[in-house]
Amino acid sequence: MTIVTRFAPSPTGYLHIGGVRTALFNYLYSKHTGGKFLLRIEDTDRARSTPEAVDAIIAGLRWIGLDWDGETVFQSKQVDRHRAAAEQLLAEGKAYKCYATPEELTAMREEQKAKGLQPRYDGRWRDKAPSNSQSGQPYAVRFKAPQEGETVIHDLVQGAVTVANAQLDDMILLRSDGTPTYMLSVVVDDIDMGITHVIRGDDHLNNAFRQYQLIVALGHAAPAYAHIPLIHGADGAKLSKRHGAVGVEFYRDNGFLPEALRNYLLRLGWSHGDDEIISDAQAIEWFDITDVNRGAARFDMDKLTALNGHYIRQTDVARLVELMQPFMTAPLTDETRLRLKQGMPGLKTRAKTLKELAEVSQFYVRPRPIPLDDKAKAILSEGGRADLAGMIPALSGQAAWAAPALEAWAKAYGEQAGLKLGKVMAPLRAALCGSTASPSMFEVMEVLGKDETLARLRDSASA
RNA sequence: GUCCCCAUCGUCUAGAGGCCUAGGACGACGCCCUCUCACGGCGUAAACCGGGGUUCGAAUCCCCGUGGGGACGCCA
């Protein structure tokens, strides 16, 4: 049997980071088993679905690198199929018409809550034929769910989960305006798409019982279910908008690498011994849905950031220069691009995000005179300027302009001037980089070149 | 409230009854490397929610409690 999984987000504005993990698990499981991974947009909530939101989901999946098989399915285009399924159940006596109004049902639920009961439909139209007064009125179609016994889901993650059928009420299949509900749509679409494994957030676990019954009523075998725990925020509650960074675009726009996010998300609720850095190939080889933990995991930005730093260090220089460009304040010229490529080995160990990488790289691309931060200014005013003035003539005569030669020069100069090496380097750093943190100054001087180096030093010495 | 799920360092986790004096990673702290900041290396502190069982033996199995989470829509 070929395994077919799907990711079925509803387009509500952005691609939720928890959704990305769900998609990742679906993707990985299908790849691991040599199956297919499908995408279905659950856009049946006409009020909330927008083309922009659909685009955000697709762009987000592309960015994170989760490709799906076949055409994207839009649930809204399948309504005829959904409605036909409801009609079938109605004809078979497995569903019935309910004439209760929304107001009436709200009142019913209020009453139940007041009595401390679980609010649920009381089946008032389950075995009742409409009277004459109702016959022309709008009605909803409800599923005639079994009321006795129990339903058990053998969940691949949660294990056997049992619920008493008495707990489940008769869900609505078709609204009074004739449109299908989510419960009906998922089931019909999963059948039509040949989904064998439903891997989704465990906020759907309760729904699974109803969907299972519905599928069986429609005469099909139920798929295997795997309800994975939700991602929680630092406070332990379901990750939501108030936690801040919930959309994938946040991570993309703040300089995270897709491979880092993938690796991080994979390790949330799943592990392979003590392995932390896991390649895509290893993930596909090792991942099994039954190994996913049952407890929810909290999202830890620090760990993601550390992982991102690791992947940045792994990434080759040329790719980093391209990736960091959107974070640069000005477009690169041929000269600055070359400097960045040459300086990148020293730059990339100093940044954990592309955004930071762009920041620590600024001094290579800024036009003279480069701005100095407060600490750099302090170094220059506390004697640094005079030290620089002394170095400039000596450096001007330096012929071999490569890091090792410059280091030899600096040591010799320090000895001769009675300055410790650190004392020689600090003003150079301040003048050349405008700060007190930088890559090795010898490397910086080499990359900048003699002319630019001396020009910057003169800028500061004379300021 | 009712139903369902969960429970190992601050966080992510390893752990399938003896391998556990509980391992790794992030974070924290200290040291080393060093022209600064990073990177890297070394090290320290830090956890089995509580109570009962079962067993020769329990982080691992069972029960109860407690705590946390999720679901209870003519939303998806």
Side-chain angles (χ1 to χ4, degrees), chain A residues 8-12 42-45 47-49 75 98 100-102 105-106 109 112-121 138-142 155 157-159 161-164 166-169 171-177 179 181-183 185-186 201-209 227 229-230 232 234 236-238 264 267-277 293-307 309-310 313 346-352 360 375 379 407 410-411 414 420-426 428-430 433 435-442:
Chain A
S10 46
T12 51
E42 310 229 310
D43 57 347
T44 48
D45 186 342
R48 282 194 291 172
S49 298
Q75 191 159 63
C98 170
T101 63
L105 295 174
T106 308
R109 272 189 287 270
Q112 290 165 331
K113 272 188 186 170
K115 286 184 191 162
L117 299 169
Q118 177 174 23
R120 63 165 170 266
Y121 179 68
Y139 59 86
V141 173
R142 283 185 187 268
D155 195 277
V157 170
Q158 306 291 338
V161 186
T162 306
V163 86
Q167 289 295 325
L168 275 19
D169 63 1
M171 65 184 143
I172 289 182
L173 266 21
L174 247 35
R175 301 184 185 96
S176 50
D177 65 359
T179 58
T181 59
Y182 161 78
M183 285 291 184
S185 303
V186 233
D202 70 6
D203 50 340
H204 285 284
L205 185 55
N206 292 279
N207 293 335
F209 297 101
H227 288 92
L230 266 13
H232 285 178
K238 178 176 167 180
Y264 177 69
R267 284 285 289 98
L268 237 40
W270 178 89
S271 62
H272 181 267
D274 285 339
D275 294 309
E276 296 286 348
I277 305 297
N293 289 159
R294 300 201 272 204
R298 297 184 191 205
F299 194 91
D300 182 3
M301 193 65 87
D302 283 344
K303 186 150 181 177
L304 200 215
T305 304
L307 213 40
H310 168 85
R313 275 170 256 133
L347 255 15
K348 68 180 185 178
T349 58
R350 293 172 169 77
K352 296 204 188 307
V360 301
K375 286 179 183 170
I379 283 173
E407 182 165 5
K411 284 179 173 156
K420 280 191 184 171
L421 188 57
K423 204 69 168 124
V424 177
M425 305 317 291
L428 286 174
R429 176 172 293 107
C433 302
S435 74
T436 51
S438 78
S440 159
M441 287 317 295
F442 308 119

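We use all heavy atoms of the structure for the numbers below, so side chains are in, but hydrogens, waters and symmetry mates are not. Letters go in sequence order (proteins before strands), and every chain restarts at 1.
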A:Arg294 side chain N/O closer than 4.0 Å to the phosphate oxygens (OP1, OP2) of B:C6?
yes
Quick check on B:C39: is either OP1 or OP2 less than 4.0 Å from any side-chain nitrogen or oxygen of A:Lys352?
yes
Touch check for [X], heavy atoms < 4.0 angstrom, all strands: base, sugar-phosphate only, or nothing?
X	value
A:Thr162	sugar-phosphate
A:Lys238	sugar-phosphate
A:Pro439	base
A:Leu230	sugar-phosphate
A:Leu268	sugar-phosphate
A:Phe442	base

Proximity to the side chain of [X] - top-ranked nucleotide from [options]:
X	options	result
A:Glu276	B:A25, B:C74, B:A14	B:A25
A:Asn293	B:G27, B:C3, B:U13	B:U13
A:Asp274	B:A25, B:C35, B:G23	B:G23
A:Thr44	B:A76, B:C74, B:U13	B:A76
A:Val163	B:C35, B:C3, B:C12	B:C3
A:Arg429	B:U36, B:C26, B:C12	B:U36

In Watson-Crick or G-U wobble terms, with both distances under 3.5 Å, the base opposite B:A71 is B:U2
Can you tell me whether the side chain of [X] and the base of [N] have a donor-acceptor pair closer than 3.5 Å?
X	N	result
A:Ser440	B:C35	yes
A:Arg120	B:C72	no
A:Ser438	B:C37	no
A:Ser10	B:A76	no

Once the angle between the rings of A:Phe299 and A:Tyr264 is folded into 0 to 90°, is it parallel (under 30°), tilted (30 to 60°) or perpendicular (over 60°)?
perpendicular
Whether A:His204 stacks on the six-membered ring of B:A76 base, 5.5 Å and 30° limits:
yes
When the distance from CG of A:Asp302 to P of B:C9 is rounded to whole Å, what number comes out?
18 Å
Roughly how far apart, to the nearest Å, are B:C72 and B:C64 at atom C1'?
26 Å
